[in-house]
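Since this is a predicted model, take the numbers as computed values, not measurements. The first residue in the sequence is number 1, and the count goes up from there.
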Amino acid sequence: MSFQQKSTSLMLVILLAVYGWYFTVIATWVVDSPVEEVAYQPVMFVTVIALVVLAVIGHTLIAIVPPYEGDRTDERDRIIDLKGEWLGGFILGTGTVVALFLAMAEIHWFWIANTLLAGLVLSEVVTSITKLVYYRRMA
């Protein structure tokens with residue numbers, strides 16, 4: 001398994017765990033109180049910091065476990081990366097347009113911020129899954 005494939009798998013697991021936790025916590029709070037009273041910003045900040053810390057630790061671990069192939073990329077890796085990012089870009093663009101419409105409709109900023117975050121997370125998850133599928137098919 002190449003470093004790129006390990007990295008993609010690692011980030012998919014981290015994204016699902018960290019943002020799964022975030023959206024579960026926020027959804028629980030929204031059910032219990034109006035969005036105007038939900039203090040989502042500190043939780044969002046902690047979530048982003050947790051993602052960065054886990055990604056650094058995880059990438060450090062996969063880099064020190066032999067065999068290290070971090071600087072080796074071939075044509076297959078570049079094609080898989082391109083296809084994954086292409087599909088993820090459509091998801092990201094769609095989430096951004098939805099958030100823009102929410103802003104134009106003057107919907108509460110809670111929904112705008114979380115729509116942007118959900119679009120970003122969904123984009124990265126789709127990108128990772130697409131890459132992993134292509135790695136499996138092109139193995």
Side-chain angles (χ1 to χ4, degrees):
M1 184 183 293
S2 71
F3 181 83
Q4 290 79 13
Q5 189 174 358
K6 291 176 190 174
S7 173
T8 302
S9 300
L10 172 71
M11 287 309 297
L12 178 60
V13 169
I14 292 172
L15 283 167
L16 292 174
V18 170
Y19 286 110
W21 173 81
Y22 170 80
F23 285 115
T24 301
V25 168
I26 295 301
T28 304
W29 289 354
V30 168
V31 169
D32 294 337
S33 59
V35 294
E36 293 82 12
E37 297 175 11
V38 175
Y40 67 92
Q41 298 94 333
V43 180
M44 188 181 286
F45 180 74
V46 168
T47 303
V48 171
I49 296 301
L51 177 80
V52 170
V53 169
L54 289 171
V56 168
I57 292 169
H59 281 92
T60 302
L61 290 174
I62 63 174
I64 63 174
V65 174
Y68 176 69
E69 299 173 351
D71 53 353
R72 291 186 187 160
T73 58
D74 57 9
E75 188 65 25
R76 183 185 86 137
D77 289 321
R78 287 189 283 276
I79 290 170
I80 289 172
D81 188 59
L82 180 66
K83 288 181 178 185
E85 295 295 336
W86 179 80
L87 185 55
F90 281 112
I91 304 294
L92 180 60
T94 302
T96 304
V97 169
V98 170
L100 181 62
F101 282 128
L102 292 175
M104 289 188 298
E106 298 181 2
I107 304 297
H108 194 274
W109 55 81
F110 168 87
W111 296 112
I112 297 168
N114 281 289
T115 299
L116 285 169
L117 182 63
L120 177 62
V121 171
L122 186 59
S123 167
E124 290 300 316
V125 167
V126 167
T127 297
S128 295
I129 290 172
T130 303
K131 287 178 182 181
L132 292 173
V133 167
Y134 277 111
Y135 272 116
R136 181 57 95 188
R137 285 185 182 173
M138 297 173 81

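- With rounding to the nearest 0.5 angstrom, the CG atom of Leu117 is 6.0 Å from the CG atom of Asn114.
- Crowding of Glu36 atom CD: a count of heavy atoms from other residues, nucleotides or ligands under 6.0 Å exceeding 12.
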Residue pair Asp77, Gln5: steps toward the side chain to side chain contact (heavy atoms under 4.5 Å, CB included) verdict: CA-CA 9 Å; Asp77 289 321; Gln5 189 174 358; over 6 Å; no

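- Hydrophobic clustering keeps Phe23 apart from Val13 (ILVMFWY residues linked when any side-chain heavy atoms are closer than 4.5 Å, directly or through intermediates).
- Contacts of Asp81 classified as side chain to side chain contact (heavy atoms under 4.5 Å, CB included), with partners at least two apart in sequence or in another chain: Glu85, Lys131.
- Under the 4.5 Å side-chain heavy-atom criterion for Ile, Leu, Val, Met, Phe, Trp and Tyr, Leu132 and Leu10 are members of the same hydrophobic cluster.
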Stepwise side chain to side chain contact (heavy atoms under 4.5 Å, CB included) check, Val35 with Trp29: CA-CA 8 Å; Val35 294; Trp29 289 354; over 6 Å; no

Worked verdict on Leu120 versus Leu116 for side chain to side chain contact (heavy atoms under 4.5 Å, CB included): CA-CA 6 Å; Leu120 177 62; Leu116 285 169; over 6 Å; no

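- Taking CD1 of Ile80 as the start and CD of Glu75 as the end, the distance is 10.5 Å to the nearest 0.5 Å.
- Checking Leu92, Thr130, Thr127 one by one against Leu87, the side chain to side chain contact (heavy atoms under 4.5 Å, CB included) holds for a single residue, Thr130.
- Of the possible polar contacts, none joining the Ser7 side chain to the Phe3 backbone as a donor-acceptor pair under 3.5 Å is found.
- Nearest heavy atom pair, residue Ser123 against residue Gly88, reads OG-O, 2.7 Å.
- In this structure, Ala103 and Ile112 approach most closely via the heavy-atom pair CA-CD1, 3.5 Å.
- By the criterion of side-chain heavy atoms lying less than 4.5 angstrom apart, applied directly or through intervening Ile, Leu, Val, Met, Phe, Trp or Tyr residues, Met104 is grouped together with Val97 in one hydrophobic cluster.
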Working for side chain to side chain contact (heavy atoms under 4.5 Å, CB included), residues Val18 and Tyr22: CA-CA 6 Å; Val18 170; Tyr22 170 80; 5.8 Å; no

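- Annotation: Trp21, atom CH2; neighbour count of heavy atoms from other residues, nucleotides and ligands within 6.0 Å is above 12.
- Note that the CE atom of Met11 and the CG atom of Leu54 stand 9.0 Å from one another [nearest 0.5 Å].
- Residue Lys6 holds its NZ atom at 7.0 Å from CD1 of Ile62, rounded to the nearest 0.5 Å.
- Interatomic distance, CD of Glu37 versus CZ of Phe110, reported as 12.0 Å (0.5 Å rounding).
- When each of Ile14, Val125, Thr24, Thr47 is tested with Tyr19 by the rule side chain to side chain contact (heavy atoms under 4.5 Å, CB included), just one qualifies, namely Thr47.
- We find the CD-CG distance between Glu124 and Leu16 to be 11.5 Å, quoted to the nearest 0.5 Å.
- Through side-chain heavy atoms spaced under 4.5 Å, either directly or across other Ile, Leu, Val, Met, Phe, Trp or Tyr residues, Val46 is tied to no other residue.
- Each of Ile26, Val31, Val30, Asp32 was compared with Thr28 under the side chain to side chain contact (heavy atoms under 4.5 Å, CB included) criterion, and only Asp32 meets it.
- In the hydrophobic clustering of this structure, Val38 groups with Ile107; members are Ile, Leu, Val, Met, Phe, Trp, Tyr whose side-chain heavy atoms approach within less than 4.5 Å, directly or through other members.
- No path of Ile, Leu, Val, Met, Phe, Trp and Tyr side chains, each step under 4.5 Å between heavy atoms, connects Val126 with Val121, placing them in separate hydrophobic clusters.
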